[in-house]
Amino acid sequence: LKFIRHGLRAPSGELTDYGKEITRQKAREIKSETEGFNVVGAMGSDSGQIGLTGMPRSLETADIFASEIPANKRLTTRGTPILGYNMQVNPIPFDWDKIYDKNLPDNFAILSDEEKNKASKVAQEVVLNHFMSLQTPEAIDCRKEIAGSFARVIDHYMRAIKGVKSGIRALLPQGSHGGRMEPFLKDALVRHLPNGEEIHGFDNIGEIGGAFDSSETFNVEVATDNNGDLKELKVSFDNPERPKDEMHLDLGKLQELKDFYISLHKKS
């Protein structure tokens, strides 16, 4: 599973041409690591402005990424509402766009595509740090629901893989939004440092290299051993500037987040 933040978007919400090309570029950069997959299929959030392709930005980003990866079989690209924000029961407890826009430079509209990408990353980091630092009940429940949506998706594949034929390898890009991948990793990520120390989650997003940039990814490997038993859920980053430690997901925390999400959405 390759969770990917959507590419750079225009103020109107759809992907920019530059954002699309950056996604293609990032896929090409790791092409050698994605050889040997039998199946490739893009999925992602169906929230947001629909682009010219008929897909919203997160789903289109995943589709673009998948199109660069060679495979014997390509699955139909499809929306995954759970990774979007339209289904969210606990809303973001502040005006995200207002803080984001406030932290963009006044001349943002006339910047080059590359400069806009850098400025957007700075603004995103400010908003995300604010969101992650809030300790109100509303903010805590909102972050937990977001984290739970990722846990729910991963749990689905943990169960589905038991019916997959031995030897089959699938690469499934999952398009998401800014500010959603980080709360999940904060709760569920486990890092093994070279000195033997095991760190669960993190206190500050700087510990994993900061907020995810447009078109940036993290990977969760869902696999079974020769006996058909589920192996440890390994985590990795494609960005070489992020931690390269041995990492995996905390299964207990994953279960807790998934159960929270399910119970919340049964009530809604």
Interatomic distance, OG@Ser120 vs CG@Leu111, rounded to 0.5 Å, equals 9.0 Å

With distance as the sole test, does Arg57 use its side chain to make a donor-acceptor pair with the main-chain N or O of Gly51 at under 3.5 Å? no

Kindly say whether Asn90 contributes a backbone atom to a donor-acceptor pair with the side chain of Gln88 at under 3.5 angstrom? yes

Assess the side chains of Glu198 and His200: does a donor N or O sit below 3.5 Å from an acceptor N or O? yes

Side chains of Ser12 and Glu14: any donor to acceptor distance under 3.5 Å? yes

Do the side chains of Leu189 and Tyr157 join up, straight or via other hydrophobic residues, at under 4.5 Å, putting them in one cluster? yes

Could you state the interatomic distance from CG (Leu75) to CG (Leu172), rounded to the nearest 0.5 Å? 7.0 Å

Using a 6.0 Å cut-off, check whether atom CD of Glu246 has over 12 heavy atoms from anything other than its own residue. no

For Lys244, does the NZ atom have more than 12 heavy-atom neighbours from other residues, nucleotides or ligands under 6.0 Å away? yes

Exam field: side chain Glu125 to backbone Val122, donor-acceptor pair closer than 3.5 Å: no

Quick one: closest heavy-atom pair of Leu104 and Ala123, and the distance? CD2-CB, 3.8 Å

Sidechain-backbone polar pair: Lys186 side chain, Phe202 backbone, donor-acceptor under 3.5 Å: yes

Does CG belonging to Asn195 count more than 12 external heavy atoms closer than 6.0 Å? yes

If you compare all heavy atoms of Phe131 against all heavy atoms of Pro183, which two are closest, and at what distance to 0.1 Å? CE2-CG, 4.3 Å

Would you say the side-chain atoms of His177 and Ser45 include a donor-acceptor pair closer than 3.5 Å? yes

When you group the ILVMFWY residues by side-chain heavy-atom contacts below 4.5 Å and let the links chain together, are Val220 and Ile69 in the same group? no

Between His6 and Glu60, is any side-chain donor less than 3.5 angstrom from a side-chain acceptor? no

Is there a donor-acceptor pair closer than 3.5 Å between any side-chain N or O of Arg74 and the backbone N or O of Ala66? yes

Under 3.5 Å: donor-acceptor pair, side chain of Asp250, backbone of Ala188: no

Just wondering, are more than 12 heavy atoms of other shown residues or ligands nearer than 6.0 Å to CD in Glu114? no

Could you label the plane-to-plane angle of the Phe237 and Phe212 rings as parallel, tilted or perpendicular, counting under 30° as parallel and over 60° as perpendicular? tilted

Taking Thr217 for the side chain and Lys2 for the main chain, is one N or O donor matched with an acceptor at less than 3.5 Å? no

Examine distances only and state if a side-chain atom of Thr16 and a backbone atom of Leu8 form a donor-acceptor pair shorter than 3.5 Å. yes

Main chain of Ile208, side chain of Arg242: is a donor-acceptor contact present, judged purely on distance under 3.5 Å? yes

Could you tell me whether the side chain of Thr23 and the main chain of Phe65 form a donor-acceptor pair under 3.5 Å? no

For Pro173 versus Gly41, what's the shortest heavy-atom pair and its separation? CD-O, 3.2 Å

